[in-house]
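Worth saying up front: this structure is predicted, and the values here are computed from it rather than measured. In what follows, every chain begins at residue 1, and chains take the letters A, B, ... in the order their sequences are listed.
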2 protein chains.
Amino acid sequence: MTEVATARRSRITPEREAELYEAVLDLLREVGYDALTMDAVAARTKSSKATLYRQWGGKAELVARAVRHNKPGGFADIDTGSLRGDLHALTLNSDDCQMEQSSALMRGLAMAVHGNPELLAAFKEHLIEPEMAEFHRVLQRAIDRGEVRADNPAIDFVMHMMIGGFAARSLIDEQPPTQAFLLKYIDAVVLPALGAATTR
Amino acid sequence: MTEVATARRSRITPEREAELYEAVLDLLREVGYDALTMDAVAARTKSSKATLYRQWGGKAELVARAVRHNKPGGFADIDTGSLRGDLHALTLNSDDCQMEQSSALMRGLAMAVHGNPELLAAFKEHLIEPEMAEFHRVLQRAIDRGEVRADNPAIDFVMHMMIGGFAARSLIDEQPPTQAFLLKYIDAVVLPALGAATTR
């Protein structure tokens, strides 16, 4: 998939691609997914609709890739030697302002995803699955180090726990998730459920 | 609050109240919160708008109370003698069909809550706070029995964990939460994070 996607997108520079994703996210924040049109994206970015469709196939994939592009860091370069270190480093990748923006964006998109199978499929491909794969690599290293037992049933629910901390924070506490909150949540919930060390 | 509310509502029978809440939930499912009007509720239930406003004050409180009314069971009569027993019994209070309906309803309302401080306030008063109070009573009994340490930091996050299991299930697994899933999640995540027994 990655090679094909790169080939398809080979005619625009990374700078231009980033600029385009920024414009898509701005439009998303302004009007929401349902009201977002490829016409508006074309106008805002001074591209032709034909180019947008050729490069991205459609609105759902364009939006999913824009959101993915906007996610800071990720696990790619993280390998601290402990599960706690890795999860903390991941949290510290986004500052509180980025987390608040991303939380508002995801809230809007979570609604659009239901009732839109195409958007859900694009989200799974470009956001959920890559993120789950990254979590699994981090967890596999923890298993290999002997920090987490390979048969611990919580391994399947790491994404559920993290999404819970992230989403319930705004509902229950009426605050966007912050680094401080998420670090506390990881230590209080995620690591103990996995039977991993909560200090170090 | 409860006494005042009961007094305010004293002129309608519990049957009539239940009928009214059902109609509100039907309308919610049909048109969503934003498009729901007190006129439509009055027409559907053959009540006067004046009555609705006198009894409930407004749309936000009427909707929050209707959702609360619809939640089956709750913790009220649950006291099985173990934390695992209590949490399992709570889950078994709703069958899979009720959970699917309630999950769809909450998804729609979660969007409306943001950008609507009045609805958020009504939700906190009639749904989130009573539910948190019930969780705290269940947890307090577990602490009193010596099942959970009083200073376990996961105690503050029980609602976050549960909401995570409930909400992420539909996003990641594209399925409504089921009893079987939630029982597994409680055993794999919630009880271990609290340091409580996962069998018995």
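- Residue A:Ile155 does not touch chain B at all, counting heavy-atom pairs closer than 4.5 Å.
- With respect to chain B, the highest number of heavy-atom pairs below 4.5 Å among A:Gly195, A:Pro192, A:Ala168 belongs to A:Ala168.
- Contact tally against chain B (heavy-atom pairs below 4.5 Å) for A:Ala193, A:Pro153, A:Gly165: the top residue is A:Ala193.
- Heavy atoms of B:Leu194 lying under 4.5 Å from chain A are absent altogether.
- Residues B:Val189 and A:Ala154 share a closest heavy-atom pair of CG2-CB, 4.4 Å.
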Tabulate, with distances rounded to 0.1 Å, every donor-acceptor pair spanning chain A and chain B at under 3.5 Å.
{"from": "B:Arg107", "atom 1": "NE", "to": "A:His114", "atom 2": "ND1", "distance (Å)": "3.4"}
{"from": "B:His114", "atom 1": "ND1", "to": "A:Arg107", "atom 2": "NE", "distance (Å)": "3.4"}
{"from": "B:Lys124", "atom 1": "NZ", "to": "A:Ile172", "atom 2": "O", "distance (Å)": "2.8"}
{"from": "B:Lys124", "atom 1": "NZ", "to": "A:Glu174", "atom 2": "OE2", "distance (Å)": "3.1"}
{"from": "B:His160", "atom 1": "NE2", "to": "A:Asp173", "atom 2": "OD2", "distance (Å)": "3.1"}
{"from": "B:Ile172", "atom 1": "O", "to": "A:Lys124", "atom 2": "NZ", "distance (Å)": "2.8"}
{"from": "B:Asp173", "atom 1": "OD2", "to": "A:His160", "atom 2": "NE2", "distance (Å)": "3.1"}
{"from": "B:Glu174", "atom 1": "OE2", "to": "A:Lys124", "atom 2": "NZ", "distance (Å)": "3.1"}

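- No chain of hydrophobic side-chain contacts below 4.5 Å, direct or via other Ile, Leu, Val, Met, Phe, Trp or Tyr residues, connects A:Met99 to A:Leu183.
- A:Ile12 and A:Leu52 fall within a single hydrophobic cluster, where Ile, Leu, Val, Met, Phe, Trp and Tyr side chains are chained together by heavy-atom contacts under 4.5 Å.
- Residues B:Leu92 and B:Phe181 are members of separate hydrophobic clusters, defined by side-chain heavy-atom contacts under 4.5 angstrom among Ile, Leu, Val, Met, Phe, Trp and Tyr.
- Contact annotation for B:Met132: only side-chain heavy atoms (C-beta onward) come within less than 4.5 Å of a heavy atom of chain A.
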